[in-house]
Amino acid sequence: MGKIMLIFSFLTVTYVLAAQQPHVSDTTFQNFTVSNGKILWSRVYENVSKDDVLKYFSNGRYFVMNQTTDSVIVGFTRSEVLPIYDCGYKPSAIVHPLDDQCEVSFRIDLAENRYRVVVDCVKWSNVYSVGIPTGGIIIGASGTETHTLEEIAFKKDRFRKFFIKKGAAQLNNTFTYMFTVKFPENIIPDKW
């Protein structure tokens with residue numbers, strides 16, 4: 001009888017814990033919002049002029065602009081590893097695949113002295129090559145694995161535990177760093 005009660009208790013605790021995990025359709029955290037099964041990251045930055053925003057994103061090494069107007073910038077990042085190490089993370093602490101090459105699509109809405117960044121598509125790519133030498137020839141395979149943010153963050157209409165515990169914070173800090181307008185001190189100002 002004790003074994004049956006133990007099994008029943010274990011199943012009850014497992015069910016209660018699973019029920020507490022947030023559903024994809026009703027979650028907003030770490031600047032991430034779920035909309036129609038897609039994850040969007042957004043943040044508003046204050047006290048920055050439009051000219052500085054336009055200058056930073058048109059000269060930044062990460063960014064490629066598709067469309068630029070007086071009120072909107074639409075673009076994507078170059079396919080390379082996100083600057084996650086610049087945010088102070090050690091290689092052993094980074095959640096996979098955040099350390100793979102990544103391309104991010106974004107939209108920047110410009111207003112006077114502020115801007116809002118909305119990231120609407122995040123895709124990681126990992127190029128692999130495996131070979132086994134046999135009898136003077138190498139038998140192997142190569143290819144590319146691609147993961148979207150939705151694929152790594154969701155499982156069965158719920159956020160994965162690793163994304164809630166570590167991945168979302170790491171990605172939020174990295175995006176915050178990437179999209180913050182900053183200029184190196186060695187840039188010579190236009191006015192002197």
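Only heavy atoms go into these numbers, but all of them, side chains included; no hydrogens, no water, no symmetry mates. FYI, the numbering just counts along the sequence from 1.
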task = Could you walk me through whether M178 and T77 pass side chain to side chain contact (heavy atoms under 4.5 Å, CB included), step by step?
result = CA-CA 10 Å; M178 256 174 63; T77 61; 3.4 Å; yes
note = Taking every heavy atom of F179 against every heavy atom of V119, the minimum-distance pair comes out as CE1-CG2, 3.7 Å
query = Should Q30 and L171 be marked as a side chain to side chain contact (heavy atoms under 4.5 Å, CB included) after you check the CA-CA gap, both sets of side-chain angles, and the distance that decides it?
reply = CA-CA 9 Å; Q30 297 279 343; L171 197 54; over 6 Å; no
inquiry  = What's the separation between atom CD1 in I94 and atom CG in L82, rounded to the nearest 0.5 Å?
reply    = 9.5 Å
ask   = Does the R160 side chain pair with the main chain of F154, one donor and one acceptor, at a distance under 3.5 Å?
value = yes
query = Same cluster or not: are V34 and V118 linked, directly or through other Ile, Leu, Val, Met, Phe, Trp or Tyr residues, by side-chain heavy atoms under 4.5 angstrom apart?
reply = no
query = For the residue pair F175 and F32, does the interplanar ring angle fall in the parallel (under 30°), tilted (30 to 60°) or perpendicular (over 60°) class?
reply = tilted
request  = Check side chain to side chain contact (heavy atoms under 4.5 Å, CB included) between K166 and all other residues, then give those that pass, not counting sequence neighbours.
outcome  = V95, Q170
message = Hydrophobic clusters here meaning ILVMFWY residues chained together by side-chain heavy-atom distances under 4.5 Å, can you tell me if L149 and Y89 are in one?
response = yes
inquiry  = Distance check, rounded to the nearest 0.5 Å: I73 atom CD1 versus Y56 atom OH?
reply    = 11.5 Å
message = Show the nearest heavy-atom pair for residues S125 and D100, with the distance to one decimal.
response = O-CB, 3.7 Å
message = Test side chain to side chain contact (heavy atoms under 4.5 Å, CB included) on Y177 and I84; report intermediate values, then the result.
response = CA-CA 9 Å; Y177 172 80; I84 197 160; over 6 Å; no
query = Is a side-chain N or O of Y62 found less than 3.5 angstrom from the main chain of P83, in a donor-acceptor match?
reply = no
Distance, nearest 0.5 Å, that separates OH of Y115 from CD of E46 = 10.5 Å
key: salt bridge (charged side-chain N to carboxylate O under 4.0 Å, His left out) involving D51 - partner list, sequence neighbours excluded   = none
request  = State whether the number of non-hydrogen atoms from other residues, nucleotides or ligands found under 6.0 Å of K123 atom NZ is greater than 12.
outcome  = no
ask   = If you look at every heavy atom in S49 and N113, which pair is closest and at what distance?
value = CA-OD1, 4.1 Å
request  = Output yes when a side-chain donor or acceptor of K38 lies under 3.5 Å from a complementary backbone atom of D120, and no otherwise.
outcome  = yes
ask   = Counting only N and O atoms by type, is there a donor-acceptor contact under 3.5 Å from the side chain of N59 to the main-chain atoms of K55?
value = yes
message = Using side-chain heavy atoms (C-beta onward) and a distance below 4.5 Å, is V72 in contact with D109?
response = yes
request  = For the residue pair F106 and F63, categorise the inter-ring angle as parallel (less than 30°), tilted (30 to 60°) or perpendicular (more than 60°).
outcome  = perpendicular
query = Within a radius of less than 6.0 Å around CG of N66, do more than 12 heavy atoms belonging to other residues, nucleotides or ligands occur?
reply = yes
request  = Give the cluster check for M65 versus V53: same hydrophobic cluster or not, with ILVMFWY residues linked at side-chain heavy-atom distances below 4.5 Å.
outcome  = yes
ask   = Are Y85 and V104 joined in one hydrophobic group, where the rule is that I, L, V, M, F, W and Y side chains link up if heavy atoms are under 4.5 Å apart?
value = yes
remark   = Nearest heavy-atom approach of D52 to V181 is O-CG1, 3.9 Å
query = Nearest 0.5 Å, what's the CZ-OG distance between R107 and S42?
reply = 12.5 Å
ask   = To the nearest 0.5 Å, what is the distance between NE2 (H147) and SG (C102)?
value = 11.5 Å
key: Shortest non-hydrogen separation from I39 to E150 and the atoms involved   = N-OE2, 2.9 Å
message = If you compare all heavy atoms of S79 against all heavy atoms of Q101, which two are closest, and at what distance to 0.1 Å?
response = O-OE1, 3.3 Å
note = Between the OG1 atom in T180 and the NZ atom in K182, the distance rounded to the nearest 0.5 Å is 5.0 Å
query = Taking a hydrophobic cluster as the set of Ile, Leu, Val, Met, Phe, Trp and Tyr residues connected by side-chain heavy atoms closer than 4.5 Å, whether directly or through intermediates, do L54 and V74 fall within one such cluster?
reply = no
request  = Taking the side chain as every heavy atom from C-beta outward, state whether I152 and P97 have any atom pair closer than 4.5 Å.
outcome  = yes
remark   = Only residue of I108, N31, V44 satisfying side chain to side chain contact (heavy atoms under 4.5 Å, CB included) with V117 is I108
